[in-house]
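For reference, the structure is listed below as structure tokens.
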Amino acid sequence: MLEKILKKTIHNQLESLSGWDEQKVKKFQQNLLSWYYDQRRRLPWREKPSLYGTVVSEFMLQQTRVSTVLPYFERWMKEFPDFKVLAGADESDVLKLWEGLGYYSRARNLHKLAKQIVELESIPQTRAEWLEFPGVGPYASAAISSIAFEEPEAVVDGNVVRIFARLFKDQREYKGTAEATKKMATLTQSFLNLDNPGDHNQALMELGATVCLPKKPLCLICPVSECCLARLSEPEAYPTIKRRVKRQVIVSRVFSLSNRKLLLYRHPEDAPRLAGLYELPKLESLVIRGRPRLLFSRARAISNEKIKEMIYNTDIADNDLPSGHSWVNVCNIDEVPMSGPHRAWVMELISKQD
DNA sequence: AAGTCGGGGAT
DNA sequence: ATCCCAGACTT
């Protein structure tokens, strides 16, 4: 049975799978799990596991490192301790707590999910059911159903792709992480430990995050290095995933402070980016008075753009502001959700003016 | 299938 | 400066 799956999955695309029988897979699972129980990090969502904590952590951890998530998770669980409290919260408060974490649709989707959950008679358990919730995709549905309900669903995230690509010296060139994830799904499912699906999944991700690193993997302390083909050659060479080039973008923005009020722009609720969040307004969208004075310029990257942002100081013709623009009292600036870097710049500039 | 969404830590 | 992170959604 397993052999059949392996043969079909690997075919001739990965290096030899000879030797992989049911016994070897079992051994792999045991080595991995023993290592996990012995060496895993103590993370807050693992201490007193709950469905809610699992869901929140899985949302926050999408494309985001554990170390980045930690302070956000603690604050979140304190402010929104369960689905019910979260469901009853104002969206602006939800966004405020997510401020700086990025991918803000995650916060909105998590909020929606909570509202849906509290209306249900019973909590869904299967992967297919979780897949229906907003913001829950192939990865998160497998993670939640396996970790919270021990459903036999294998997760495939960046860590898992890297581990399996190295185990079998996967020579395929993937066009992106999406393709790699999809093509790896059958193989990872055949390696799933059916006795402990949740811990098996977490163990793989823990291994990828702490041992099977993208650069300089720690093969010497890896619990499954005997099974790993790349370990004998160049582990860093796997997997091979094509990355797209970032395009250069230049944006000019306005810092205008008048009578202890700062002009800000709030992205519309249905905006594709930063929906509901405040930023410094763009220079081009305003009618200004006099010549703008360059305060500073900063470079950052979001998604597939390299952005150079130029911040100007100028006076604004404030009798007829474009929609979305408003003067925010600096006393209340802490209350509004704002994109992370802009928050830092604004605080820096305000303190400099005093 | 390809493009888009944030931000930061590590190298 | 580049990579990549417990991915999902829209086009």
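Below, chain A is the first sequence line, B the second, and so on; all start at residue 1.
The separation of C/dC4 from B/dC5, taken at their C1' atoms, amounts to 15 Å, rounded to a whole angstrom. Here, B/dG8 and C/dA8 have their P atoms 22 Å apart, quoted to the whole Å. Nucleotides B/dG3 and C/dA6, compared at atom C1', are 23 Å apart to the nearest Å.
Both the sub-6.0 Å distance and the 45° axial angle are not jointly satisfied by A/Arg106 relative to the ring of A/Tyr103. Relative to the ring axis of A/Tyr174, A/Arg172 does not place its NZ or CZ within 45° and under 6.0 Å from the centre.
A/Ser57 comes within 4.0 angstrom of nothing in the nucleic acid, heavy atoms only. No contact: A/Lys242 has no heavy atom under 4.0 Å from any strand. In this structure, A/Arg162 reaches the sugar-phosphate backbone alone: every heavy-atom distance under 4.0 Å involves primed, P, OP1 or OP2 atoms, never a base. Residue A/Ser303 is classed as a base contact, given a heavy-atom separation below 4.0 Å to a base. When heavy atoms are screened at a 4.0 angstrom cut-off, A/Leu213 is found touching no nucleic acid atom at all. Residue A/Gly100 is in sugar-phosphate contact alone, with no base atom involved, counting any heavy-atom pair closer than 4.0 Å across all strands shown. A/Arg46 comes within contact range of at least one nucleobase, with a heavy-atom separation under 4.0 Å. Contacts of A/Arg343 with the nucleic acid, taken as non-hydrogen atoms under 4.0 Å apart, are absent. Contacts of A/Arg244 with the nucleic acid, taken as non-hydrogen atoms under 4.0 Å apart, include base atoms. Among the atoms of the strands shown, only primed sugar atoms or phosphate atoms (P, OP1, OP2) are found under 4.0 Å from some heavy atom of A/Ala140. If you check every strand for non-hydrogen atoms under 4.0 Å, A/Trp45 touches a base.
No hydrogens or angles were tested; on distance alone, nothing pairs the side chain of A/Thr181 with the base of C/dG7 as donor and acceptor under 3.5 Å. At a cut-off of 3.5 angstrom, the base of B/dG6 holds at least one donor-acceptor pair with the side chain of A/Tyr103. Taking 3.5 Å as the limit, the base of C/dC4 and the side chain of A/Arg65 contain a donor-acceptor pair of atoms between them.
Of all non-hydrogen atoms in A/Pro322 and A/Leu286, the two that sit nearest each other are CD-CD2, 3.9 Å.
Checking C/dA6, C/dG7, B/dG7 against the side-chain heavy atoms of A/Leu43 singles out C/dA6 as nearest.
Toward the 5' end of DNA chain B, the nearer of the two residues A/Thr68 and A/Arg273, judged by each one's closest nucleotide, is A/Arg273. Between A/Pro214 and A/Val136, the residue anchored closer to the 5' end of DNA chain C is A/Pro214, taking for each the nucleotide with the nearest heavy atom. With the nearest nucleotide of DNA chain B identified for both A/Ala178 and A/Tyr104, A/Ala178 has the one nearer the 5' end.
Separating the CG atom of A/Asp157 from the C1' atom of C/dC4 is a distance of 12 Å, rounded to the nearest angstrom. Separating the CG atom of A/Leu61 from the P atom of B/dG8 is a distance of 17 Å, rounded to the nearest angstrom. Summarising the geometry, the separation between CD on A/Gln63 and C1' on C/dA6 is reported as 9 Å, rounded to the nearest angstrom. Atom NZ of A/Lys182 is separated from atom C1' of C/dC9 by 13 Å (rounded to the nearest Å). Straight-line distance from the CD atom of A/Glu58 to the C1' atom of C/dG7: 11 Å, rounded to whole Å.
Between the side chains of A/Gln29 and A/His200, no donor-acceptor pair is found at a separation under 3.5 Å. Side chains of A/Glu58 and A/Tyr139: a donor on one and an acceptor on the other come within 3.5 Å.
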*Output, in order, the C-alpha distance, side-chain angles, deciding distance and verdict of ring-ring contact (aromatic ring centres under 6.0 Å, His included) for A/Phe191 and A/Trp20.*
CA-CA 11 Å; A/Phe191 271 70; A/Trp20 278 100; 5.0 Å; yes
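Ion pair A/Lys183/A/Glu179 flagged as a salt bridge, since at least one NZ, NE, NH1 or NH2 atom sits closer than 4.0 Å to an Asp/Glu carboxylate oxygen.
Taking only side-chain nitrogens and oxygens, A/Asn159 comes nearer than 4.0 Å to OP1 or OP2 of C/dA6. Between C/dC3 and A/Arg243, no contact under 4.0 Å exists linking OP1 or OP2 to a side-chain N or O.
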